[in-house]
Structure formats: structure tokens, C-alpha cells
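Data block below; observations after.
Sequence lines set the chain letters: A, B, ... in the order given, protein chains first and strands last, and positions in each chain run from 1.
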Amino acid sequence: MEQHIRLALLAAAPELFGSNITEDLIQFQQTRKDVEGDLTLVVFPFVKLLRCSPQEAGNKLKNWIEANVSGVSHCVVINGFLNIVLTNAYWLEQLSQMQAQPNYGFAAANSKPTVMVEYASPNTNKPLHLGHLRNIFLGAAVAEILRAVGHKVVRTQVINDRGIHICKSMLAWEKFSPVNARGERETPANTGLKGDKLVGKYYVEFDRALQIEAKAIMAEWQSGNFSDTPEAIQQAVLNFEQAKQDKDEKAQAAIDDKIKELAKNQTSILQEAKQMLVKWEARDPQVYLLWTTMNGWVYAGFDQTYAQMGVSFDKLYYESDTFLLGKDQVMEGLKAGVFYQKPDGSVWIDLTADGLDEKLVLRSDGTAVYMTQDIGTAIDRFKDYPDLHGMVYTVGNEQDYHFKVLFLILQKLGYTWANNCFHLSYGMVDLPSGKMKSREGTVVDADDLMAEVIEKANAMTQERGHLEGLSEAERQALYTQIGIGGLKYYLLKVDPKKRMLFNPEESIDLTGNTGPFLQYAHARISTLLEKASYQAKAVDLSTALRPEEKEIVKQLSYFEHALQEAAKGYSPALLANYTYELVKLYNTFYQSVKIVIEPDQEVRQLRLELSAQVRQTIAKSLALLGIAAPARM
RNA sequence: GGUCCCGUAGCUCAGUUGGAUAGAGCAACUGCCUUCUAAGCAGUAGGUCUUUGGUUCGAAUCCAAACGGGAUCACCA
């Protein structure tokens, strides 16, 4: 409709304003709730052109639009705003279009280019936590939203399965895992522990052993005993100690950290871990077997967690396969003059002209850094998917700078698709007690949290739900849908780029702006339609339409716009907020009028059609957000 | 210190091409189940949109500075 009026105004500009006008003068917005109107045209831009008061200009536009635009009932001019009231027939026509197209609001599948969406990307030495939940729910929802607007989507994750941190848990397991009567060390099978939890336990175990050993070394240094310490380190420690005098507390703390670092490096256990990494890189059979075994445990654990979360992937990338990639690209870029080499052999890129710093892309010993690998992986993905058009990286905002640099490098290497790469940057999830710190044990474990919200949903549903006739299995499934749905909504309703606070009590709330609120509306409409023995019927365009009914049609008709905005902004929150508004509107309607028990058959049918459309729209939105829409609860 | 992000009600958050009297939820208080699911609805109360200046018909929104919070600036990933 906006477009319709816009074009009409553009065409009629000479007649109306005495000259042609530019499109940006025509500004539409949603009409305020408390005034009459369905669509508002801002009059101010035309005031200068017409050289008259806003009121006169408004009246001129009002008269012209009322006389010349079909679908317009009448207009009201208030304070420089032209509020356009559309005809009931127009709105009923909208409703009938929704009825006719079950996919109303969605674009044709694969009508847009292929996009790869990366999310999750965990380490294999630790279980998933709350931060991963935001990452994964966000990435998965964005993937669905992009698909809904027509993109072909490849969902992927990079599994960080190599490096010194992985060797730490392997080593700790070898050293500290108790041996049972049958001579076996701990496994998920003989302990009943989830694989990722078991491996995570030994990662923590490693750190504990490291701390103890480092403390002992520092104590020796403190007492002046450097017998086992290389000369250079001894000197460094003494220098640092010297520098500590007459400095502020912050500097002292920094120096203490440095000494601690040196001590850790001196520990035998870290040395062993490093040796293990060297062996791994040399494909030592024993180390490799241990690595594949323990990673296998972790993957089994992750699969369980992903299943509970209701997310999946189309393609997996393993860092152990990709970490060598990128070196060739760097060498080629070096030849092309994009990079330069320092005398020690390290390769750099100078981005100072772009307002950034110099950045290392290859170590002096020729090994790859994170950036090298990301360059290689990106290029590789475009080889894997020849029709790939762009990528979305769902990664926390602490890596904003990294991705800025990565995309710039890819651009400079001549890859035009670098312009279609987007870092979906999201803010940290804070706890009421402050930041999550794995060191301090304040991390909220993903499995524990999901179990907790399901338990809560269980208790609340027993208390107030409508479960008659459901089997025990169906009930359990429902608790999961409600608990996980609530958690997803809680994490998705906030603008992704904003840092957010995770309040454990609010996250399992069922009232207000929550997942269960939307699910409840869906369930209530479902049973309502069932009770009414609802049969879809095309609406008659001459049916009477009351204001409260029109409001619902209007909000339903915004679905496509909300979806488009969510896709454009990579923000499921926009879709979540739209749906919340729709449900609130419908709930008000539901409480104020009769539907099933409405005696007038024509009115009853219209209200049932509206209810059916609202239900369908809720279901679509929830599906895009990855949230289940139960038929009863 | 450089760069980037953020600052809206007691709390958590909406408010997107600048637009009308800045909106929700939670918490508090008042009503509404003998009519379709009250996980709901109606209402009361709660604001110096961090501050100052600028741009203009008009600023929570754009610009600048200050203040406050966070991230980042590794031959870590």
C-alpha cells in the first residue's frame, strides 16, 4: 500500500506540487495507536514545497489522496501528519491473501544466493556453557530466518579440536585418571559421565596440577633458589622483582602475573603437554589414538547437548583439518605485495592506511596463526560450495577486531565475496554476580541449565496446565518444549549486539514477555479452533470488520516486513518482538469478544479465521526462532 | 593510551530511513474465572532517554565533547 501511494504521488507531483519530487520526501510511518488511521504520511517535507502551513499542506494531500487512491476510505490531518484510513475491503483482501498462501510472508525457496552460517564452534576440552547457548540459538535462528527470506543456507561449525589446550586434558587423563579393577581408566562408559563432562573434568585437573607445581617453583624463587632454573629466566625474575619497587599496585600485579607465567612455563606438566603436542603434530600413533578416542567422547556429549537444544548442522569443519590451510594464500599474497616479510621471516600486513594496525599473518618459524587459518578456511569454503555467495560468522564481540581485519585481508587478496561476509557479533552474557569466569567456577553449564528450565516447566505445568489425556511421554516432551522454548526466547529477544544480563529466575519465567507466553497463546488458539470445529472458508470482502478485528489483520500483515527486517539486521529479536506484539493484541481481542460462542455465524467465522491466521503466524515465528509451538499446554 | 561497542522507569529490555503525549515485561498496588485454557485481560503508580553543546520545522535517534560501563590492541585461539 505504501508503495502504491508513493508511486501515485510521484506521478502526480507536477499537478500537486508544481514540480517533480524526490522519493525521500515521501515518508510513511505506522500510525500511533491512539489516533484514527492505518498508515501515516508525514506532511512536513512538503510544507516548504507548497509554501503553506502544515495544516493546509495536509489538507491538500488529504483531498488528493481521498479522490485518487483506491483502497483509501478517508484521511485525517493532525499536527502535520496525514493519517490514512484504509477501507475494510482492503484489509479483508489482505486477510484473504494470507488464507490463500500458507507461506504468506516467506520468499520462494532458493530464490536468493547461498549463504553459509557458522555458529557454535566449541573447543573439545570443555562442555558447552551459557555463552554457547546464546551463540547457537542466535546462529540457528538467523540461519532459519535467512532461509525464510529465500536464501539457500548451509549451517556449519568449526570444531576447535587441536592445540595445546586439547593436549592438557589428554595428559591429565593419562596421568590422573584412576584405574579400576579391570585395569581400565575412566571412560564415559564405565563412569556414566557425559563425554564432554569427563574430558572437561581432566582439563580442570590439569590446571590444578599446574597451579600446585607453579606455586612450588615460585616459592623456590622467592627464597632465592634458582638451581633448576635457566639463567635467562632467573635474570628475568630478578629484573621483574627489581621493577616492582616504587610502582603502583596495578604495575605490581602485572609483574606478579608475568612471574607466574614464567613459573608455569617451567613446570614439568606443561612441558609434557607441549611434548605431547609435538608428538600429535608428528602423528605419533599412541597420542593420535588417545586424541581420537577422547574427542569421540566429547562429540558424543555435544551431540546429546545439541539434540536437547534442537539444533543441527549441515557441514562440519575440524580445525585439525584446516589449521594448515592459508599458508599458501599468505605466500601468494606475499608475492602479490599484499603482505610483507620482516627480516626474521615472519609475514605481516600493514593496515595502518585503513586505520588499523599491522597484523601478523604467519609466524617467523613458518607456522600458522589464527588469522592464517581463518583466511584459508574462508577460501576453502568457497571452493567446497561453488555457488556460495556470502558467510555469516556468529562469534562473540570480543573478536570484532579480528573479523574486521580478516574481511579486509580477504578483500585485499582480491576476493570480492569478502564484501558478503558478515560478523554476527553478539554481546557477552553476564550473570547477576558479574562476568562468567571459568577459573572462578561461575560458568553456567548448558546441560545443567537446560535440565533446570525443563524441571521448572514441569512443576509449573503440573500446577496450571491442561494435560488430561496426554501420555507420560507426551507430557515429558511438552515440559521440554516449554523449558527450552522459554530459554531460547529469553536469549533471543534481546538485540544480539547488546551485552545482556542472565537472570536465572527470569529465564524460567512463564508470564509476560516470555516464550511460554507465546506458546500459551498458540495452544489456546489451537484448542479453541478444535472446539469450534473450525473449517477454513474464504472471507467475503463485504463482511463487516470491527476496529479490534482490523487491528489484528493489520499486525498480521506486518509479518513479512518484520521477517525482512530480522533478516536484513541479522536480528531474531526483531521477529520475537513482532510476535510478542501480535500475541498481546490477540489476547486483548480474545478477552473482549466471543469467538466460539458468538451467535452471529458470519462474525464467528471471521473471528475464527483471524484466530487461525494468528496461530499460523505465531507458529511460523516460533519455528524460525527454533521454539516449539505446542497444541496444548 | 589508540580503536570499537554500550548508557532509556527500581530491575530486564523495546523504541531501525530524525516525527505526534518515549513503550513493554518483571517487581508493587486495584479489579476480572457459573461464557471459548486466568501461563490471560483491564487499570494505578513509576522518566532530567548519563551530561553539555551543535545540526533543524522537529533529536532517545544524527554530529562533537565529557562522564560511566565493557571489549580489543599477542609470533594465544
Between [X] and [N], is there a side-chain N or O to OP1/OP2 distance below 4.0 Å?
X	N	result
A:T588	B:A42	yes
A:R464	B:G40	no
A:Y590	B:A38	yes
A:R363	B:A74	no
A:K531	B:U37	yes
A:T511	B:C26	yes
A:R524	B:A38	yes

Nearest to the side chain of [X], which nucleotide is it out of [options]?
X	options	answer
A:D495	B:A14, B:A20, B:U17	B:A14
A:E565	B:U21, B:A39, B:U16	B:U16
A:E398	B:A71, B:A24, B:A20	B:A71
A:Q591	B:A20, B:G15, B:A38	B:A38
A:D509	B:C26, B:A77, B:C36	B:C26
A:T40	B:U16, B:A39, B:A20	B:A20
A:Q27	B:A39, B:G19, B:C41	B:G19
A:E319	B:A77, B:G25, B:G19	B:A77
A:V596	B:A77, B:C36, B:A20	B:C36

Reckon [X] touches a base, only the sugar-phosphate, or nothing at all at heavy-atom distances under 4.0 Å?
X	answer
A:T461	base
A:N83	base
A:R32	base
A:A523	base
A:D24	nothing
A:F28	base

Does [X] reach the main-chain N or O of [Y] with its side chain, forming a donor-acceptor pair under 3.5 Å?
X	Y	result
A:D365	A:T367	yes
A:S364	A:G345	no
A:R632	A:H466	yes
A:T322	A:L325	no

In whole Å, what is the span from the [atom1] atom of [X] to the [atom2] atom of [N]?
X	N	atom1	atom2	result
A:D374	B:C76	CG	P	16 Å
A:Y203	B:A77	OH	P	13 Å
A:Q29	B:U61	CD	P	17 Å
A:K359	B:U72	NZ	P	12 Å
A:R604	B:C36	CZ	C1'	10 Å
A:N587	B:A42	CG	P	8 Å
A:I26	B:G18	CD1	C1'	18 Å
A:F44	B:U56	CZ	C1'	12 Å

Quote, to the nearest angstrom, the [atom1] distance that separates [N] from [M].
N	M	atom1	result
B:U50	B:A14	P	14 Å
B:A60	B:G7	P	15 Å
B:A22	B:C29	C1'	24 Å
B:A59	B:U51	C1'	16 Å
B:U8	B:C13	P	9 Å
B:C62	B:G23	C1'	22 Å
B:A9	B:A28	C1'	13 Å
B:C41	B:G25	P	8 Å

> Which residue lies toward the 5' end of RNA chain B, A:V593 or A:N577, if each is placed at its nearest nucleotide?
Replying inline: A:N577
>> Which is more 5' along RNA chain B, the nucleotide nearest A:V583 or the one nearest A:Q373? Just name the residue.
In response: A:V583
> Is the charged tip of A:R524 near the ring of A:Y590: under 6.0 Å from the six-membered ring centre and within 45° of its axis?
Replying inline: yes
> Can A:R134 be said to sit on top of A:Y426's aromatic six-ring, NZ or CZ under 6.0 Å from centre and within 45° of the ring axis?
Replying inline: no
> In terms of base orientation, is B:C33 syn or anti, with the syn window spanning 90° either side of 0?
Replying inline: syn
>> Taking ring-ring contact (aromatic ring centres under 6.0 Å, His included) as the criterion, tell me which of A:Y401, A:F407, A:F403 meets it with A:H423.
In response: A:F403
> Relative to the ring of A:F17, is the ring of A:F46 parallel (under 30°), tilted (30 to 60°) or perpendicular (over 60°)?
Replying inline: parallel
>> Parallel, tilted or perpendicular, judged at 30° and 60°: which one describes the rings of A:Y578 and A:F559?
In response: tilted
Between protein and nucleotides 2-12 of chain B, what N or O pairs are separated by less than 3.5 Å?
from, atom 1, to, atom 2, distance (Å)
B:G7, OP1, A:K498, NZ, 3.4

> Should A:Y534 and A:E609 count as side-chain neighbours, where that means a heavy-atom distance under 4.5 Å?
Replying inline: yes
>> Go through it in stages, so that I can follow the logic: the residues are A:Y340 and A:E358, the test is side chain to side chain donor-acceptor pair (under 3.5 Å), and I'd like the CA-CA distance, side-chain angles, deciding distance and then a yes or no.
In response: CA-CA 10 Å; A:Y340 68 92; A:E358 297 185 347; 3.1 Å; yes
> Take atom NZ in A:K342; do more than 12 heavy atoms of anything else shown fall under 6.0 Å from it?
Replying inline: yes
>> Other residues, nucleotides and ligands only: do more than 12 of their heavy atoms fall within 6.0 Å of CD on A:E463?
In response: yes
> In dot-bracket form, how is RNA chain B paired, counting a Watson-Crick or G-U wobble pair only if both its distances are under 3.5 Å and using | for bases paired to another strand?
Replying inline: (((((((..((((.....[...)))).(((((.......))))).....(((((..]....))))))))))))....
>> Just by distance, no angles: are the side chains of A:Q591 and A:N587 close enough, under 3.5 Å, to form a donor-acceptor pair?
In response: no
